[in-house]
Amino acid sequence: MNLLVTAGNTLVLIDRVRAITNIFTGRTGATIALAAQERGHTVTLLTSHPEAVADLRGGAAPPTERWAVQHYRTFEDLHQAMKGRVRAGGLDAIIHCAAVSDYRPAGVYAPDQRTRFSADGRWESSGAAPRLEDRSAGKIKSDEPELWLRLVRTPKLIDLVRAEWGFRGILVKFKLEVDVSDEQLLAVAERSRRQSQADLVVANTLEGAALWAYLGPVEGGYRRLSRRALPEQLLAAVERLHAEQAHG
């Protein structure tokens, strides 16, 4: 199979020197990509942390056959790279592990001299009305008593894979939740899978992320797997689905 694996975190820029990101390092996606290459598949790894490949291989050189790594930094980098690769065709499966930013900055503001934010969560002003002044710049100055960052939703990249980019192969989604029960996690994961028209979802919690994950639906349900077993079990499930598609 020809696989695209995404891994790592995305940056969304506040100004030219500051950004918002998340804590994820791309090791899970890199592990899956390396396992896929070892199973004989052709792999493109889109990652913000290409160094994870060397770390996982103990400093050994990366594979040279059926293997390519493309580095990205920002949400827009990943958006454009995924769109271009999917629309180019030839992919049999996409495993979307990347921890993509849900929001991006759409302005930086400071209250004017007569405006303040009260302790009970309301804007107040000694003037006609509360007013925020735009402080967006190439490098936002650091002398303001406080700044307010406006965030707007980013597109869900995995939701574009089928609906806008026309992908018809095997699609795998990753879903992370915090402070939920296993039952809640699985309910959220299945709704999320259907929304994105994904074939499989890997679901876990932040608290258990280093130890286990659920994979499904496999044989009609979800399996709880150790993190060590996840790459091989996931790839085996993808291979079965691909074989079923190939035979109609």
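In this chain, numbering begins with 1 at the start of the sequence shown. Note that the structure is a prediction, hence the values are computed from the model and not measured.
Atom CD of Glu65 is surrounded by 12 or fewer heavy atoms from other residues, nucleotides or ligands within 6.0 Å. Within a 6.0 Å sphere centred on CZ of Arg228, other residues, nucleotides and ligands contribute 12 heavy atoms or fewer. Counted within 6.0 Å of CZ on Arg153, heavy atoms from surrounding residues, nucleotides or ligands total more than 12; the atom is thus considered enclosed.
In terms of modelled atom types and a separation under 3.5 Å, the side chain of Arg114 and the main chain of Ser125 share no donor-acceptor contact. Here the side chain of Glu207 pairs a donor or acceptor atom with the backbone of Asp179 at under 3.5 angstrom. Between the Ser48 side chain and the Thr10 main chain, no donor and acceptor come within less than 3.5 Å of each other. With hydrogens and angles ignored, the 3.5 Å screen pairs no side-chain donor or acceptor of Arg227 with any backbone N or O of Gly208. Checked by atom type and distance alone, the side chain of Thr205 never pairs as donor or acceptor with a backbone atom of Glu177 at under 3.5 Å. No donor-acceptor pair closer than 3.5 Å links the side chain of Thr74 to the backbone N or O of Leu11.
The side chain to side chain donor-acceptor pair (under 3.5 Å) check on Arg39 picks up Glu232, Glu239, with sequence neighbours excluded. With sequence neighbours left out, the salt bridge (Lys or Arg N to Asp or Glu O under 4.0 Å) criterion links Glu144 to Arg135.
Put simply, the side chain of Lys175 does not reach to within 4.5 Å of the side chain of Arg193, judged on heavy atoms. For the pair Arg191/Gln195, no side-chain contact is recorded, criterion being any heavy-atom separation below 4.5 Å from C-beta on. At a threshold of 4.5 Å between non-hydrogen side-chain atoms, the residues His71 and Thr47 do not count as touching. The shortest distance between side-chain heavy atoms of Tyr72 and Thr6 does not fall below 4.5 Å. Contact annotation: the side chain of Ile14 approaches that of Leu149 to within less than 4.5 Å [non-hydrogen atoms, C-beta and beyond]. By the 4.5 Å heavy-atom criterion applied to side chains, Cys97 and Ile32 are counted as neighbours. Counting heavy atoms from C-beta outward, Phe75 and Leu157 have side chains that approach closer than 4.5 Å.
For the residue pair Lys173/Ser192, the side-chain donor-acceptor check at 3.5 Å is satisfied. Checked by atom type, the side-chain pair Thr42/Asn2 shows no donor-acceptor distance below 3.5 Å. No side-chain donor-acceptor contact under 3.5 Å links His49 and Thr25.
To the nearest 0.5 Å, the span separating CD1 on Ile95 from CD1 on Ile170 amounts to 10.0 Å.
Between Lys141 and Asp143 there is no salt bridge, since no side-chain nitrogen of the basic residue lies less than 4.0 Å from a carboxylate oxygen of the acidic one. A salt bridge does not link Glu244 with Arg240: none of the charged nitrogens is closer than 4.0 Å to a carboxylate oxygen.
In summary, the aromatic rings of Phe117 and Trp123 are positioned with their centroids under 6.0 Å apart.
Partner of Val172 under the side-chain contact (heavy atoms from CB on, under 4.5 Å) criterion, chosen from Asp199, Ile94, Leu234, Leu235: Leu234.
Other members of the hydrophobic cluster containing Leu186, listed by chain and number, are Val180, Leu185, Val201, Leu211, Trp212, Tyr214, Tyr222; membership follows side-chain contacts under 4.5 Å among ILVMFWY residues, whether direct or relayed.
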